[in-house]
Amino acid sequence: MTLLRRLPAYIAIWAWVAFTVAAILWVVMSAFKSKREVLRSGLKPPAELRWENFETAWNVGRLGEFFSNSVVIVCLSVFLILLVSTPAAYVLSRAKFRGREALTNLFVIGMGIPIPMLFIPIFGILAWLRLSDSLTGLTIVFVAISIPFTVYLLTGFFASLPSELEAASLLDGCSDFQTFRYVMLPMAMPGVATAAILNFIWLWNEYQLSLVILNSPENRTLPLGLYSLQNAMQYTSDWPGLFAGVTIVIIPTILVYAILSEKMIAGMTMGAVK
Amino acid sequence: MIGKRLIGLFVAPAMIVYLCFFLIPTGFTFYSSLFEWSGFGSEAKFIGLGNYRRLWNDPTFWLSFRNTLALLFVGGFFVFFLAFLYTILINSGIWGKKLFRLVFFLPNVVSVVALSAMWAYIYNPRYGLLNTSLKSLGFEGAGKTLWTSPDNIFWAMLAALVWVFTGFFLILLLAGVDKIPADMYEAADLEGANLWHKFWYITVPMIWDVMTISFVIWIINAVKMFEFPFAFGFLQVPQQLYTLGIYLYIMGFGQRDPIYQLGYATAIGVVMLVLAFSLIVLVRRLMRRDQLEF
Amino acid sequence: MTAFEAISLDKHYGDFHALRDINLSVEPGEFIVLVGPSGCGKSTLMRTIAGLEKVTSGDLKIDGRSVTGLLPKERDVAMVFQSYALYPHMTVAENIGFGMKIAKRPKDEIREKVLAAAKVLKIDDYLSRRPKALSGGQRQRVAIGRAIVRDPKIFLFDEPLSNLDAALRVEMRVELARLHNQLDATMIYVTHDQVEAMTLADRIVVMNAGVIEQVGSPLDLFNHPRNKFVAGFLGQPPAIFMRLDGHERTGDGLTVQFSGTSVDLPAPSRQGGMPFEIGLRPDFFELDSQSPSLSPTVEVIEQLGDTTLLYTRLPDGQQATVQLAGQVKAKVGDQVPLRVNCKSPMIFDDGGENIYR
């Protein structure tokens, strides 16, 4: 009875879920097909696993090089983001000083600034610093654009920690730095980890600023590499090669998501749902 | 109990990076929008509001502006309609809530370039998933639609965007709904409320703040929209897909051939910021009400 | 030498006057309990002693040394918090030894002291667990253990039992009393629970609206409250107050009239102002079917087994709570014949001060 009444809900939800899963699975499956097969076989699984499509994307499409570019730049950026944002968020949420709220708002306002606004001035500044078309320059920009959200997320996290623990650590003889290092930071680690995951996924997929800043092919990150592969595909019609590239790009984030989705979703929603 | 020295030491690094590579560049946009400036290294000429006057008479700008508004309102309508619908459905006591949540959000962790490649193939007129499915279901006529023709491409892109963002806002709304104490619904059941009553008189008022924040996030996302339509347009983004962000990029850097109208491009950036902030203020004003304690 | 001394302490939060002219001295080994309604300043006073709040003016001395400007860690005090404030990412042993680790004491010494404290508190089996795996009572013991290993000049307790359930609270209360005897340490204890105050304290400090109302031994405060506030705060069920209709000073005493009856009392201990109200504890009433002076009507009866509580109304409309020994047979609507026996008289003058103090 209740099952029957809920049937429409199940159908509506399963339709959406089936489409999403099928679309992504189909892309991954197509990566193993031959050019002809992709065009003819529709939703059928590949007749045989053609790993050579991945070889083409990895070597000819140079995704191998771009993959290591992406790994280095994203990991370095995430590390630096946390290095500067965690202490700032700690102070903004737990210290008492005049102008604290204004300073917090100044950080948070960055979340409302449309990124395309930065294209031209960032390009100019990096050119002036002789960092244009360099992974160093892109790393700095990645750190800068991630600070507002990260500070916002971590400020909320630190603010939720009980203040009696701070008092206890003071009585235990901690200096303000030791309180941060030994008590508050370890307690905020779940929040820091969430910030790391979210930033990893966003920066791994980021391509608008990469597009503006990077120019030479050897500097490309994965999304840029995939973008050029996609454009080249218009002439080669090598759909399986493109899908192999797509698979290479999406596997790391989907893996991270599959393992850590609970943490990610909790972090995503924490700021919005108080 | 946190000393002044530690405060300075802890805030300074983040502040310096943020100021130099985010806030000051943003401010610089306002300044440079007052200049005619055709390329880094070349001399900029002060023209006051000249760029804005040019924007006013630029049909391509208005096209991008209209597209951005269509994205914002038409896209927003469908995103929130679907997000609300699925929030209710997923929360109606069915099995597998966590799994569904996981799948709905999935497109948000995938690179937009990958998504656009996928959708390009779904929409492919001859071999694409959409048309082959339609044909196999017997819709021969609909199965021949050119989804990416100039007339359809914007709406095709928008449909794909709705698919991505519904999952994002579904997550936020669901999290808000999860915070509502279950006994509130039980009390309503005892008083004979139906699903719609419960949604309208309990869920909506209780997640009002989450809704406000969701709308604000959507505004920010829609106004700055660049990546998805840009990738969706492949090598040469057709004008039908222009958003303010894309037009800014084209005016600044060109597509195949450089254009380098830097002052003009930054004026578009200023329009984006003003649009985003005035809409945010408007939404916050419209949605303002007293805080609920529960 | 005094263990602790507060000299004309004042504390403002903006416009809010949290502490006004607090003067208090505590002898070594004393168990002092600060009580009062919420917002009375008792927790603020404790936090200023710990150094977690700065004082606006006045001086604090520990062992004769002024600590007013010192940091919490320099004051040689330990504190047990209401929420226990255990570090969730550390084991029990690490929690207890954290202060010593920060002070860079040798590892062996830390281990030894932690084990000794854990044995005293009977938590030595849980040393490698994390706080999450402990019950409320065990967490409380860990928090106390953390204080013990510091061997502080003063132990501060901030409502340490209020997060425990009723049964455990009684058990821990006895344990704390035992610990106090065993350690012979100076302890200052904040609570809003008057039973804890009465049972634990050598001396009680009753606070209200940032002011110390009265300091004294539990029975002294109970029997001779300085004013109406203290009289009403201590005692459960609380004392009731009735307006006097008249009073007469006789040769060796005072006769007061209220609610159609009169009571003879001994001579007031001090002059005071004009007698205005009488304070009656529930056990001041006794059954007297021979010559009752009051016959209030019963409205609610509570049978507690060893005593009976009657909530009654007098003919003039005033309410009286009556506690009678044993199991009294009475029904709602009955008139119970009573007499008044003021075991320790409380007569308040027009300024609210007790003239029998």
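Just so you know, these numbers come straight off a predicted model, no measurement behind them. Throughout, protein chains are lettered first and strands after them, A, B, ... in sequence-line order, and every chain is numbered starting at 1.
Among all heavy-atom pairs drawn from A:S261 and B:L102, the shortest one is OG-CD1, 2.8 Å. Shown here for A:Y257 and B:R101, the closest heavy-atom pair between the two residues is OH-O, 4.1 Å. Contact record, B:F22 with A:P148: CE1-CG, 3.8 Å, taken as the closest heavy-atom pair. Minimum interatomic distance between B:Y18 and A:A144 (heavy atoms only, all atoms of both residues): CD1-O, 4.2 Å. When every heavy atom of A:G112 is checked against every heavy atom of B:F277, the shortest pair comes out as O-CE1, 3.6 Å. Taking both residues in full, the closest heavy atoms of A:L242 and B:A117 are given as CD2-CB, 4.0 Å, listed atom of the first, atom of the second, then distance.
Contact annotation: the side chain of B:P107 approaches that of A:T20 to within less than 4.5 Å [non-hydrogen atoms, C-beta and beyond]. The closest side-chain heavy-atom distance from B:L273 to A:P114 is below 4.5 Å. A:F119 has its side chain out of reach of B:M251: every pair of non-hydrogen atoms, C-beta onward, lies at least 4.5 Å apart.
For the set B:T29, B:T212, B:I7, B:L115, the entry with the most heavy-atom pairs within less than 4.5 Å of chain A is B:I7. For the set B:I268, B:L129, B:I217, B:V223, the entry with the most heavy-atom pairs within less than 4.5 Å of chain A is B:L129. By number of non-hydrogen pairs under 4.5 angstrom with chain B, the leading residue of A:F123, A:W202, A:F243 is A:F123. Annotation: maximal heavy-atom pairing with chain B below 4.5 Å, among A:S30, A:S85, A:G124, occurs at A:G124. The candidate from B:L23, B:V112, B:I280, B:T132 with the greatest count of non-hydrogen atom pairs under 4.5 Å with chain A is B:L23. For the options A:N231, A:I250, A:L92, heavy-atom pairs under 4.5 Å to chain B are most numerous at A:N231. Contact count against chain B (heavy-atom pairs under 4.5 Å) is highest for A:L211 among A:V151, A:L211, A:V212. Ranked by non-hydrogen atom pairs under 4.5 Å with chain A, the options B:L275, B:N221, B:I122, B:V103 are led by B:V103. Top candidate by heavy-atom pairs under 4.5 Å with chain A, chosen from B:T166, B:I219, B:L19, is B:T166. With respect to chain A, the highest number of heavy-atom pairs below 4.5 Å among B:L85, B:V17, B:I246, B:I94 belongs to B:I94. Put simply, of A:V141, A:L103, A:I145, A:L83, the one with the most heavy-atom pairs under 4.5 Å next to chain B is A:I145. For the options A:I147, A:I120, A:T247, A:T253, heavy-atom pairs under 4.5 Å to chain B are most numerous at A:I120.
With values rounded to the nearest 0.5 angstrom, B:F21 atom CZ is found 12.5 Å from A:L209 atom CG. Atoms OG1 and CE, on B:T26 and A:M117 in that order, are 5.5 Å from each other to the nearest 0.5 Å. Taken from CD1 in A:I24 to CE in B:M118, the straight-line distance is 5.5 Å, to the nearest 0.5 Å. The line from NZ of A:K96 to CD1 of B:I2 is 9.0 Å long, rounded to the nearest 0.5 Å. In this structure, CG on A:L118 lies 12.0 Å from CD1 on B:I24, to the nearest 0.5 angstrom. Between atom CG of residue A:L226 and atom OG of residue B:S111 there is a gap of 6.0 Å, rounded to the nearest 0.5 Å.
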Walk me through it: do B:L9 and A:V91 pass the test side chain to side chain contact (heavy atoms under 4.5 Å, CB included)?
CA-CA 10 Å; B:L9 217 63; A:V91 162; over 6 Å; no

Go through the steps to decide whether A:T269 and B:V210 satisfy the test side chain to side chain contact (heavy atoms under 4.5 Å, CB included), and finish with yes or no.
CA-CA 9 Å; A:T269 53; B:V210 181; over 6 Å; no

Output, in order, the C-alpha distance, side-chain angles, deciding distance and verdict of side chain to side chain contact (heavy atoms under 4.5 Å, CB included) for B:I90 and A:I13.
CA-CA 8 Å; B:I90 290 183; A:I13 295 169; 3.7 Å; yes

Using the side chain to side chain contact (heavy atoms under 4.5 Å, CB included) rule, take A:I125 and B:F28 through it: C-alpha gap first, then chi angles, then the decisive distance, then the call.
CA-CA 10 Å; A:I125 286 177; B:F28 176 79; over 6 Å; no

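B:T266 touches chain A through backbone and side chain together, each having a heavy atom under 4.5 Å away. At a 4.5 Å heavy-atom cutoff, the contact between A:V249 and chain B is made by side-chain atoms alone. Residue contact with chain A, scored on non-hydrogen atoms closer than 4.5 Å, involves the side chain of B:F30 exclusively. When heavy atoms are compared at a cutoff of 4.5 Å, A:W239 approaches chain B solely by way of its side chain, counted from C-beta outward. When heavy atoms are compared at a cutoff of 4.5 Å, B:F105 approaches chain A by way of both its backbone and its side chain. If you measure heavy-atom distances from A:A127 to chain B, you find no contacts under 4.5 Å at all. For B:M225, no part sits under 4.5 Å from any heavy atom of chain A, backbone or side chain. Both the backbone and the side chain of A:R94 have a heavy atom closer than 4.5 Å to some heavy atom of chain B. Interface residue A:F177: backbone and side-chain heavy atoms are both found under 4.5 Å from chain B. In this structure, chain A has a heavy atom under 4.5 Å from the side chain of B:K98, while its backbone stays farther away. Heavy-atom distances place the side chain of A:E166, and not its backbone, under 4.5 Å from chain B. Of the atoms belonging to B:N124, it is side-chain heavy atoms, and not backbone ones, that fall under 4.5 Å from chain A. With a threshold of 4.5 angstrom between heavy atoms, A:M264 approaches chain B through side-chain atoms but not through N, CA, C or O. When heavy atoms are compared at a cutoff of 4.5 Å, A:I109 approaches chain B by way of both its backbone and its side chain. For A:L222, no part sits under 4.5 Å from any heavy atom of chain B, backbone or side chain. For chain A, the nearby part of B:W119 is the side chain; its heavy atoms alone come within less than 4.5 Å. At a 4.5 Å heavy-atom cutoff, B:I207 makes no contact with chain A through either its backbone or its side chain.
For A:W26 and B:Y121, the distance between ring centers is under 6.0 angstrom. Separation of the A:W16 and B:F100 ring centroids does not fall under the 6.0 Å cut-off.
Applying the salt bridge (charged side-chain N to carboxylate O under 4.0 Å, His left out) test to residues at least two apart or on different chains, none of the pairs has a partner in residues 5-33 of chain B.
The aromatic rings of B:F226 and A:Y207 are tilted relative to each other, their planes meeting at an angle between 30° and 60°.
With a 6.0 Å radius and a threshold of 12 heavy atoms from other residues, nucleotides or ligands, A:F19 has its CZ atom above the threshold.
Put simply, the side chain of A:Q208 never gets that close to the backbone of B:F230: no donor and acceptor are under 3.5 Å apart. In this structure a side-chain-to-backbone donor-acceptor pair under 3.5 Å is present from A:N205 to B:V109. Without hydrogens or angle criteria, B:Y86 side chain to A:A12 main chain gives a donor-acceptor distance under 3.5 Å.
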